[in-house]
> 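The structure follows.
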Amino acid sequence: MAQPLVVKKDDDLDEEEYYSPFLGIEKGAVLQEARVFHDPQLDARRCCQVITKLLYLLNQGDTFTKVEATEVIIVTSSLMKDMNSKTDMYRANAIRVLCRIIDSTLLTQIERYLKQAIVDKNPVVASAALVSGIYLLQTSPEVVKRWSNEVQEAVQSRAALVQFHALALLHQIRQNDRLAVSKLVTSLTRGSVRSPLAQCLLIRYTSQVIRESGVNTQGGDRPFFDFLESCLRNKAEMVILEAARAITDLNGVTSRELTPAITVLQLFLSSSKPVLRFAAVRTLNKVASTHPLAVTNCNIDMESLISDQNRSIATLAITTLLKTGNESSVDRLMKQMTNFMSDIADEFKIVVVEAIRSLCLKFPLKYRSLMNFLSNILREEGGFDYKKAIVDSIIILIRDIPDAKESGLFHLCEFIEDCEFTYLSTQILHFLGNEGPKTSDPSKYIRYIYNRVILENATVRASAVSTLAKFGALVDALKPRIFVLLRRCLFDGDDEVRDRATLYIKLLDGEATVGETEKDVTDFLFGSLDVPLANLEASLRNYEPSEVPFDISSVPKETKSQPLAEKKATGKKSTGPASAVNGPVPTIDASYEKLLSSIPEFAGFGKLFKSSTPFELTEAETEYSVNVVKHIYDGHVVLQYNCTNTIPEQLLEEVVVFVDASEAEEFSEVASKPLRSLPYDSPGQTFVAFEKPEGVLATGKFSNILKFIVKEVDSSTGEAEDDGVEDEYQLEDFEIISADYMLKVGVSNFRNAWESMDPESERVDEYGLGVRESLAEAVSAVISILGMQPCEGTDVVQNNSRSHTCLLSGVFIGNVKVLVRLSFGISGPKEVAMKLAVRSDDPEVSDRIHEIVANG
């Protein structure tokens with residue numbers, strides 16, 4: 001056998017050299033060594049060495065011929081003898097090794113021995129047999145499933161590991177039978193499981209059953225929830241943590257259900273064991289993303305963890321406090337974090353930055369202190385990802401909080417003076433070119449921009465030239481000074497910089513022919529491409545150089561939906577501290593508007609007001625995947641059906657959705673655009689347009705049937721048959737509701753916005769909302785009916801609160817700004833009353849908001 005792993009010290013080089021125990025191993029030599037199994041007196045140590053080498057060769061992909069396998073059979077025979085040895089340790093190890101190397105034929109020969117081993121009195125032997133069963137379940141499931149009675153008996157064992165392995169194997173045997181798993185959980189939750197490891201497994205299986213069964217509609221309680229709650233009083237810490245985590249992960253968990261779990265997690269925050277503190281604060285951090293008020297009772301304990309020696313614990317504590325803190329605690333948290341940031345790694349800093357961004361959007365009045373904090377850490381040392389997270393956060397705050405624009409732009413200008421990352425410099429310059437000209441004093445930014453032309457690399461210089469041109473196009477007073485600076489750029493050493501400077505000088509001077517008016521020049525500088533970037537790239541790749549120049553009008557304007565494979569791959573949600581804040585939600589109205597305006601039938605409908613999120617009309621994993629997007633115009637509604645064919649052997653042609661609007665009387669169909677061809681996994685769109693009375697909140701239900709011609713596709717050639725068969729597919733119904741006519745648009749300071757509205761437009765009334773489970777449910781229901789944006793975090797209701805005020809803002813169809821102040825109170829046993837006050841730019845719209853609530 002090769003030398004075991006040793007460390008040899010080289011006296012000359014003073015280095016340590018490591019040798020593999022399998023260095024230079026050869027199959028022939030190992031087979032020769034395997035003859036030791038012929039000896040009358042077996043040497044156990046040499047036999048173990050040979051078995052180890054054989055297993056290594058098998059794992060490396062070596063194969064054995066029939067002659068060579070004869071030696072392996074001899075090994076197998078010896079192991080089978082060891083299974084009946086009087087020494088329990090030999091028996092256990094023989095079972096483990098044997099189950100790794102035998103095939104299904106030999107398995108049937110030793111099945112009887114394995115079943116006996118499962119119920120063996122020695123826990124080492126029983127555990128070895130159960131672990132082997134878990135492995136064999138992957139290769140010979142039918143054999144292992146016959147061991148259910150023995151495994152069931154092993155679950156009652158007093159040995160902790162035996163019970164743990166038995167429960168794991170029993171669940172795997174029954175995992176495809178939901179009823180059997182439910183019966184297993186029902187029988188074991190009565191208290192027969194004593195092993196802490198097995199109890200943790202049982203908690204996980206119980207959570208799975210709860211998720212699949214949902215809430216008991218009769219009593220309103222979840223099945224097995226009492227068991228999870230009882231585990232919070234267990235003696236083993238791992239069981240308590242597993243139960244608390246399971247409760248917090250339940251779908252639609254209520255504050256009442258969370259309370260006992262939060263209580264035990266709070267106790268662990270002050271534990272002397274770092275692993276318990278970490279597990280508790282990590283779970284609370286996750287809960288704070290969805291139920292921040294439920295975690296507020298733990299804030300005092302978590303503040304003491306900011307100085308914890310374990311930086312992971314400290315990071316989770318500070319991000320949790322940022323999620324759960326109120327407006328008055330912001331300044332105190334900022335002071336505590338000043339010293340904290342210098343002690344943690346960049347990956348933790350990014351999590352903190354994203355939490356600060358979320359906090360600032362929640363409390364916009366505190367933008368000054370939070371913006372100053374971000375600018376201070378922006379000047380400190382850090383890697384690209386960390387700096388990018390800060391820059392992205394500042395840009396988001398500038399966009400969402402108008403009062404923060406001036407200070408935010410100044411901080412970004414200061415940063416690019418000493419920025420080592422080209423990507424960030426160009427990103428900031430682009431943003432500065434779009435937002436800087438709109439400020440009260442645009443001239444103060446010119447110095448920072450032109451410094452980049454002098455001091456930076458070619459990529460940043462080119463970006464700075466484009467930014468200067470934007471200032472010249474939008475600010476007439478600066479145009480002469482911009483001309484001087486751009487002319488200096490004509491002598492730059494880089495072709496791109498010179499070409500941009502030449503183009504922009506001609507544009508601003510009116511010599512270039514990009515349009516007839518100044519608006520055309522502005523659109524050229526600021527406007528986005530009329531075609532999708534992916535389509536443009538594909539067209540440029542397919543373009544062959546010739547005397548005919550490339551024509552951008554030849555690029556297709558239709559946007560393709562995400563392919564089915566990509567949609568499945570990106571469908572998973574991220575978890576963890578950093579997933580709570582994922583940056584701004586990108587608007588897709590612009591791409592929808594371009595797509596719809598390129599279709600002649602819809603070009604005359606006017607300006608698109610709102611596009612809804614896609615609503616699924618089919619279940620997952622069906623033959624055809626269809627969802628609908630509702631595009632709202634003043635006098636029309638366009639329904640965009642996104643279709644995907646998930647059957648490789650079919651080609652669909654003349655795809656159209658037949659819409660029955662008999663339950664939507666105010667709508668009349670005016671146009672339809674079918675989809676000519678829908679191959680496998682290549683999404684496409686078909687459209688149906690309806691006319692509605694302008695100024696009327698038309699609502700109703702729409703029934704849908706997908707109609708098409710099916711053609712079989714030859715799998716070998718990929719070609720479709722000439723003849724097809726007409727077919728149809730029933731889709732789900734959907735509704736157009738009042739909330740579809742409202743855009744969610746937030747305001748940074750609700751009080752100022754409310755007071756700036758004309759008091760004459762205010763309409764106030766009171767409503768009874770009936771019996772509700774909680775105030776939170778009532779608040780959520782009214783927000784859903786109105787479809788407006790909650791402001792200043794007022795959509796979150798405190799636990800056991802008997803009154804609450806919610807502030808909403810939005811833009812009603814016709815671009816009418818609307819503000820709503822809702823006051824909720826509990827007037828009787830779960831009876832909720834509400835006072836609704838509305839102000840808007842149009843008093844008629846204020847009346848309509850009351851009508852929506854009254855009819856909702």
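Note that these values count all heavy atoms, side chains included, but never hydrogens, waters or copies made by symmetry. Quick note: residue numbers are just sequence positions, from 1.
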> Could you pull out the closest heavy-atom pair between Glu623 and Ile647, with the gap in Å?
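Closest approach of Glu623 to Ile647, heavy atoms only: CB-CD1, 3.6 Å.
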
> I need the Leu130 CG to Leu114 CG distance, nearest 0.5 Å.
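Spacing of CG (Leu130) from CG (Leu114) equals 10.5 Å.
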
> Going from NZ on Lys349 to OH on Tyr386, what distance comes out if it is rounded to the nearest 0.5 angstrom?
5.0 Å

> Is Ile240 close to Cys231 at the side-chain level, that is, under 4.5 Å between some pair of heavy atoms?
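Not in contact.
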
> Hey, does the side chain of Thr259 reach the backbone of Ser255 with a donor-acceptor pair shorter than 3.5 angstrom?
yes

> When you compare the side chain of Leu170 with that of Tyr205, does any pair of heavy atoms fall below 4.5 Å?
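A side-chain contact under 4.5 Å is absent here.
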
> With side chain to side chain contact (heavy atoms under 4.5 Å, CB included) as the criterion, how do Ile210 and Thr206 come out once you've worked through the C-alpha distance, each side chain's angles and the decisive distance to 0.1 Å?
CA-CA 6 Å; Ile210 292 175; Thr206 304; 4.1 Å; yes

> Is there a side chain to side chain contact (heavy atoms under 4.5 Å, CB included) between Val144 and Gln172 once you walk through the steps?
CA-CA 10 Å; Val144 179; Gln172 287 196 25; over 6 Å; no

> With a 3.5 Å distance limit and no angle check, can you tell me whether His171 reaches the backbone of Leu201 through a side-chain donor-acceptor pair?
no

> Begin with the C-alpha distance, continue with both residues' side-chain angles, and end with the deciding distance and a verdict on side chain to side chain contact (heavy atoms under 4.5 Å, CB included) for Leu161 and Leu197.
CA-CA 8 Å; Leu161 273 180; Leu197 288 170; 4.1 Å; yes

> Specify the closest pair of heavy atoms between Glu150 and Ile118, including all atoms of both residues, with the distance to one decimal.
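Reported closest heavy-atom pair: O-CG2, 3.6 Å.
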
> Grab the two heavy atoms, one from Val264 and one from Ala244, that are nearest each other, plus how far apart they are.
CG2-CB, 4.2 Å

> Flag yes if more than 12 heavy atoms outside Leu179 fall under 6.0 Å of its CG atom; otherwise flag no.
yes

> Between Cys48 and Arg45, is any pair of side-chain heavy atoms under 4.5 Å apart?
no

> Kindly write out the residues that satisfy side-chain contact (heavy atoms from CB on, under 4.5 Å) with Ala117, not counting sequence neighbours, or none if the list is empty.
Ile95, Val125, Ala129

> With no hydrogens and no angle check, is any side-chain donor or acceptor of Arg256 less than 3.5 Å from a backbone partner on Val253?
no

> Taking salt bridge (charged side-chain N to carboxylate O under 4.0 Å, His left out) as the test, write out the residues that go with Glu111, two or more places apart.
Arg146

> Can you tell me how far the CD atom of Glu354 sits from the CG atom of Leu322, to the nearest 0.5 Å?
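It is 12.0 Å, given to the nearest 0.5 Å.
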
> Would you check if Glu242 and Val239 make a side-chain contact, meaning some heavy-atom pair closer than 4.5 Å?
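Side chain of Glu242 against side chain of Val239, heavy atoms only: no contact under 4.5 Å found.
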
> Any side-chain heavy atom of Leu136 sitting closer than 4.5 Å to one from Val143?
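No; the side chains remain at least 4.5 Å from each other.
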
> I'd like to know if the side chain of Gln199 reaches the main chain of Val193, judged simply by a donor and an acceptor atom lying under 3.5 Å from each other, with no hydrogens or angles considered.
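Yes.
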
> Decide yes or no for Ser182 and Thr186: does some side-chain heavy atom of the first lie under 4.5 Å from some side-chain heavy atom of the second?
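Counting from C-beta outward, Ser182 and Thr186 do come under 4.5 Å.
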
> Kindly say whether Val281 contributes a backbone atom to a donor-acceptor pair with the side chain of Asn285 at under 3.5 angstrom?
no

> Mind listing the closest non-hydrogen atom pair of Glu303 and Leu321 along with its distance?
CG-CD1, 3.7 Å

> Could you check whether Asp88 pairs with Arg91 (Lys NZ or Arg NE/NH1/NH2 to Asp/Glu carboxylate O, under 4.0 Å)?
yes

> Do the side chains of Asp249 and Arg211 get close enough for a salt bridge, i.e. N-O under 4.0 angstrom?
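No.
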
> When you look at Leu169 and Val131, which way does the side chain to side chain contact (heavy atoms under 4.5 Å, CB included) test go after all the steps?
CA-CA 8 Å; Leu169 178 56; Val131 171; over 6 Å; no

> If you define the side chain from C-beta out and look only at heavy atoms, does anything of Val275 sit under 4.5 Å from Glu237?
no

> To the nearest 0.5 angstrom, please state how far the CG atom of Leu267 sits from the SG atom of Cys298.
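It comes to 9.0 Å.
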
> Quick check against the 3.5 Å criterion: does Ser132 have a side-chain atom that pairs as donor or acceptor with the backbone of Ala128?
yes

> Quick one: are Thr263 and Leu232 in side-chain contact, heavy atoms under 4.5 Å?
no

> Can a donor-acceptor pair be found, under 3.5 Å and without considering hydrogens, that links the side chain of Thr87 to the backbone of Met89?
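Flag not set: sc Thr87 to bb Met89 has no pair under 3.5 Å.
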
> How far does CG of Leu305 sit from OG1 of Thr315, to the nearest 0.5 angstrom?
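These two atoms lie 11.5 Å from each other.
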
> Please find the pair of heavy atoms, one from Leu316 and one from Thr320, that lie closest to each other, and give the distance.
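Minimum heavy-atom contact is O-OG1, 2.6 Å.
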
> Nearest 0.5 Å, what's the OG-NZ distance between Ser140 and Lys145?
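One finds 12.0 Å between OG of Ser140 and NZ of Lys145.
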
> Within the side chain of Ser230, is there an N or O that forms a donor-acceptor pair under 3.5 Å with the backbone of Phe227?
yes

> What are the two closest heavy atoms between Ala280 and Phe268, and how far apart are they?
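Where Ala280 meets Phe268 most closely, the heavy atoms are CB-CB, 3.7 Å.
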
> If only side-chain N and O atoms count, and only distance matters, is there a donor-acceptor pair under 3.5 Å linking Asn297 with Gln266?
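No - no donor-acceptor pair under 3.5 Å links their side chains.
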
